Amino acid sequence: MGQVEATYELVLDGRRRRLRLKRSGSRARVEFGGKSLDVDVSQLSDAAFSLILEGRSHDVGVSPNAGGFQVVVDGESFQVGLVDPRRDSPSTSGTTRAAGPAAVSAPMPGKVVRILAAEGEDVSQGQGLVVVEAMKMQNELPSPKSGTIRAVRVAEGQAVNAGDPLVLVE
Amino acid sequence: MGQVEATYELVLDGRRRRLRLKRSGSRARVEFGGKSLDVDVSQLSDAAFSLILEGRSHDVGVSPNAGGFQVVVDGESFQVGLVDPRRDSPSTSGTTRAAGPAAVSAPMPGKVVRILAAEGEDVSQGQGLVVVEAMKMQNELPSPKSGTIRAVRVAEGQAVNAGDPLVLVE
Amino acid sequence: MFSKILIANRGEIAVRVMRTAREMNIATVAVYSDCDRAALHVRLADEARGLGASPSVESYLNMDRVLQAAEASGAEAIHPGYGFLSENAEFARRCRDRGICFIGPPPRAMELMGEKTAARRLAARAGVPVVPGTGPQLGDSTEAERAARDIGFPILVKAAAGGGGKGMRLVTSPDRLASALRDAGSEARSAFGDPAVYLEKYLRSPRHIEFQVLADSHGNTVHLGERECSIQRRHQKVIEECPSPVMTGALRDRMGQAAVSMARACGYRNAGTVEFLVDRQQDFYFLEMNTRLQVEHPVTEMVTGLDLVRKQIQIAAGQPLGLTQEEVRLRGVALECRIYAEDPEKGFLPSPGLIRSLSQPSGPGVREDSGIYQGWEVPVYYDPMLSKLVTWAETRSEAVSRMERALGEYRISGIKTTIPFFRNILAHPKFLSAELSTDFIEKYYRPDRSLPGREELREVAAIGAALYASRARASEAGRADRPESPWKLWGRWNGLRR
Amino acid sequence: MFSKILIANRGEIAVRVMRTAREMNIATVAVYSDCDRAALHVRLADEARGLGASPSVESYLNMDRVLQAAEASGAEAIHPGYGFLSENAEFARRCRDRGICFIGPPPRAMELMGEKTAARRLAARAGVPVVPGTGPQLGDSTEAERAARDIGFPILVKAAAGGGGKGMRLVTSPDRLASALRDAGSEARSAFGDPAVYLEKYLRSPRHIEFQVLADSHGNTVHLGERECSIQRRHQKVIEECPSPVMTGALRDRMGQAAVSMARACGYRNAGTVEFLVDRQQDFYFLEMNTRLQVEHPVTEMVTGLDLVRKQIQIAAGQPLGLTQEEVRLRGVALECRIYAEDPEKGFLPSPGLIRSLSQPSGPGVREDSGIYQGWEVPVYYDPMLSKLVTWAETRSEAVSRMERALGEYRISGIKTTIPFFRNILAHPKFLSAELSTDFIEKYYRPDRSLPGREELREVAAIGAALYASRARASEAGRADRPESPWKLWGRWNGLRR
């Protein structure tokens, strides 16, 4: 895999943490949380690694997603956010902001079965705005904040992909 | 997968056969052995396809090897040779010719444990020339023809890869 | 015996049925919707026929297309699996009219058991205890209230044509009855096209225990013991086991006999399941009969040693059961976890998508009935069940340890699954001590309760993410893997963001 | 009970042992050679320690390094699996000397059973029938010939320290005896460092039937019934089953008692196997005792319901067996096929390499104990066994059908395996009618006998190759996948070709 040296800003369990990685072939040195660790890395496939850290063996599967990565370690699943250094904010699907417009986006692919609010309508935080059906389950998506519906981007019966913006509240 | 139209010279069960393939996305038309077949193709991975031919479903895994391809159809394994149009001869590991020099090459990766003939020695067809060990098994490789050892390319104890030429008989 | 059958289903159950058919030397025909072209059940079948577009109504629920596929392929019988057309009496009749054997019960038995209050009446006539309750004619609200007081609060209002928790309301005091009747009736009308509801006594923390029955066309009916399915979420079973930890030989005989009586009462043939609620006094009440193979049938198979699909096919082909009640022997304990494509960290949100890496558990005492593979894209159109993980051992505690081991070995990335949810539940002391009830998950499941050692793994996850990111950054193609921020998309769409 | 154990092995058996350890809540330490860094047993272990270079003598056979790994990790016990150090009494002693529990028999029992003629003498003293034969002192050729005539031709000349067919000669007439003694002795010297040979009566077409025994340190010894392992190739078992199709209750009792006597006679503890040959008259003869877990132990596990590795660990930890002979119950029939990385079309040539695609069988009655995964490169250094496929069913014919189904579901590409070989053998009428013997493969296996339907699949193979080639041609990278012709390589090397 050649030489790599990089620093990442990660979001773990809601907290931002810095990780420094220095890798040369199967050997990696990681500085993280005040510790310095030697890691033996074996790449199993595009999406999977075997890591040995201080004698402990870990099987790791990584999948990129909207929020960063889903990382499955020894069968346990974790969400690890990655801060884009160019924008310095974690890219997270369905992220809301306290001020300014907030989008309600589809958390998974599916079909819009009901729209519960119209453009111009005042809504309160937590109020159901759209019902999306996937895998025979209906999921009501709540408003991230109190405000006014600025835009409804979808129609009932429409298919949507994960991350598609559905409604904008301001 | 876009459009493909090509003709292949294949070697199946020792016989050379022509196959004409016209593919557009998941639809393919194949002319082969005097028949014309419609095939529904679904690519499962780099190395695997699901094919439906006249209503019959087949699971196909393909691996390139020295002789062409190993093709596993519904769990049954086949060797399919491919004639290189630029050379017009099937590239086959360990292929022998009636006339001219014949190479004995390693049929699998392993270690040379014994060499049974020296350069300049006369040997007869079938006579053991080299013993290669792999996976705790010793395999004696016979001479493909009667003749004289022209060259011995390996030494006892040496590691070899599949296809490596070991001895040349002329 | 049949020489070819069509399996009118998809996913793990279609694969399950094909396996037995192949062992019986019967050719198999798969059917598939557009998005299921590369599904495992299509890959493993001898023949495959497309049905149409991905939504179920245009494919797996479309009787005309399924029947056309059966006729075009020359299949002599159809196995419906569970769900889809499996409990559709009209479909069973249409099969019969076309001379195709429907591998399941007679249409009349399906209908009798499909209407809940009719099934309750039949149970009562057959001497099988039912939960105290009413028929679907409730009269006016005064009469309904009188009936409710007779039964005693709390009561459940339930849709007569119902199922799956639709048209159901729990009522704890008389003053809430009228509105509950109105709401449940309206929900029942929209869900089933029938507003009829009835009242039933609400049992607190009951156990859900069901009996597997087999009946042939020669008059033989036996039961294969019970399954306990008390661990439920949204009225859906998620963990099942055989035998029930509270079962005794005497109770099994009585409940088994009740199950056999129900099957006889409705003229049942083939495999079916009689469901009961069991209270803390070990009194049992008939709940309903499922007229098909159940999702959870493998736990019975592991403990009895029988192949239920083989029995179904043999019965449908007119063969005698070849098994007396005395010959049914239970051995050891089996557990099943239903692995769903859902995100337990986000309220069990559906999680369809591409399976990027997968290793499935195996080894001693482990069976996996799965419909997935690495590289398969789990579609958005159907039930989220990916596979059923089953373990068997001599004792319940060993079967639980084995399940924990197998869940730990099950590695899947790309989509979220309920595997962590099961590890959480199985580690609960109340699960280990078998204090099961249908409200177990409400009472005991704490999504934020971490398994021991999880915190150490979080650090490893961070390293894994960084290693992946370093590769992605190194290659030009890396960026393409990551979906763009919805904010950017949004901005592009309507120019709101600058 | 131990809190951590080291598994001094690799591949499927290391994975197998870890599974049970995890179920017992015991932490596991894997060891690995350089080429096994990414092996499945390393991925599934809690901890992992590198041993050294890939050749076995520098890694899995290196006692110092294995013991260092155990001490560094704090493991309290070592499970040796089979092969490698599993029957090495010196290793067992060195474990003991360092205060590490060796999960296996006492060193003295290993030594007693390791020397063949000593084991034969012990058997005879314990009243267990042995194949008629001599000790290792044969005297001069006249005396040897007299001994041979007493036994009766044909006879086998066998190495006293032998195993695996090395130092073995079949002699059909007296005039070939002298040269056979010379050849066998010289082969034995080079294989085992000991030229001693002995004579044994040659049984024609015998069955190989072995008994599993378990003995604890509290004086309890039981047998778990038999395994028939008559299907052998190059003196290696390839298909095993439990129970033996020729076994009767009375014969099982007698042979089982003989097996228990052997275990008691050598002071055995832990799991062991007593092997017998059985002739057509159902007379049985002690062959040897294997002082370790056998490759084929899963068929016994499926039929008895016991976990043999759990029993091994419990016994090693000093726990009593907790199982009487009467409590051992056999149920149904189990078969095992050993899947090797060998090319059956090329005389079973080893076939190491990259596993490009893999789907493993599962479902009812199927267990796979495997050490591989998609993307794993099977190394050239070790035994070619990839996995063990085991099926269980109520009857033998169903277990065979299930095995055929499971073999058909097993899809692996990139390397060749013995799967087609097993499909061929299982389809043979003599296999179905259970007419098994150790020369079955010589007598009945015909590599060129195609399964029905194979010819149609050949056409599909051609289409698959063309589809692959069309992709490869379309992409620039395609060519890089195909190794160059050795002719071209040769030409480049020494300029012989122009």
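None of the values given here were measured: they were computed from a predicted structure. Order of the sequence lines sets the chain letters (A, B, ...), proteins ahead of strands, with each chain counted from 1.
- Interface residue A/V60: only side-chain heavy atoms are found under 4.5 Å from chain C.
- With a threshold of 4.5 angstrom between heavy atoms, C/I412 approaches chain A through N, CA, C or O but not through any side-chain atom.
- Residues A/T148 and A/D122 have side chains that bring a donor and an acceptor to within less than 3.5 angstrom of each other.
- For C/E345, the part sitting under 4.5 Å from any heavy atom of chain A is the side chain, from C-beta outward, and nothing else.
- When heavy atoms are compared at a cutoff of 4.5 Å, A/D74 approaches chain C by way of both its backbone and its side chain.
- When atom types are taken as modelled, the side chain of A/Q43 and the backbone of A/S45 share a donor-acceptor pair closer than 3.5 angstrom.
- For CD of A/E156, the number of neighbouring non-hydrogen atoms (other residues, nucleotides, ligands) closer than 6.0 Å is greater than 12.
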Q | Chi angles and distances behind the salt bridge (Lys or Arg N to Asp or Glu O under 4.0 Å) call for C/K416, C/E342 | A | CA-CA 6 Å; C/K416 306 293 174 72; C/E342 293 176 357; over 6 Å; no

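- Ion pairing between a basic and an acidic side chain is recognised when a charged N comes within 4.0 Å of a carboxylate O; A/E140 and A/R114 show no such pairing.
- Between chain C and the options A/V72, A/L12, A/V62, A/N139, heavy-atom pairs under 4.5 Å are most frequent for A/V62.
- A donor-acceptor contact closer than 3.5 angstrom links the side chains of A/Q79 and A/N65.
- Note: C/Y382 and C/F84 have perpendicular aromatic rings, judged against thresholds of 30 and 60 degrees for the angle between ring planes.
- Residue contact with chain C, scored on non-hydrogen atoms closer than 4.5 Å, involves the side chain of A/Q70 exclusively.
- Heavy-atom pairs under 4.5 Å with chain A were tallied for C/G353, C/G408, C/S56, C/A465; the largest tally goes to C/A465.
- Within the 4.5 angstrom heavy-atom criterion, no atom of A/K111 approaches chain C.
- Note: C/D383 leads C/I419, C/L407, C/D383, C/V378 in heavy-atom pairs under 4.5 Å with chain A.
- A donor and an acceptor atom, one from each side chain of A/D46 and C/Y468, are nowhere located under 3.5 Å apart.
- The number of heavy atoms from other shown groups lying within 6.0 Å of CZ (C/R189) does not exceed 12.
- Interface remark: A/E5 contributes no atoms to any contact with chain C (heavy atom separation under 4.5 Å).
- Heavy atoms of C/P379 lying under 4.5 Å from chain A belong exclusively to its backbone.
- In this structure, no portion of C/T417 lies under 4.5 Å from any heavy atom of chain A.
- Interface check for chain C: of the options A/V132, A/N161, A/V80, the most heavy-atom pairs under 4.5 Å are formed by A/V80.
- Neither the backbone nor the side chain of A/L44 comes within contact range of chain C; no heavy atom of the residue lies under 4.5 Å from a heavy atom of that chain.
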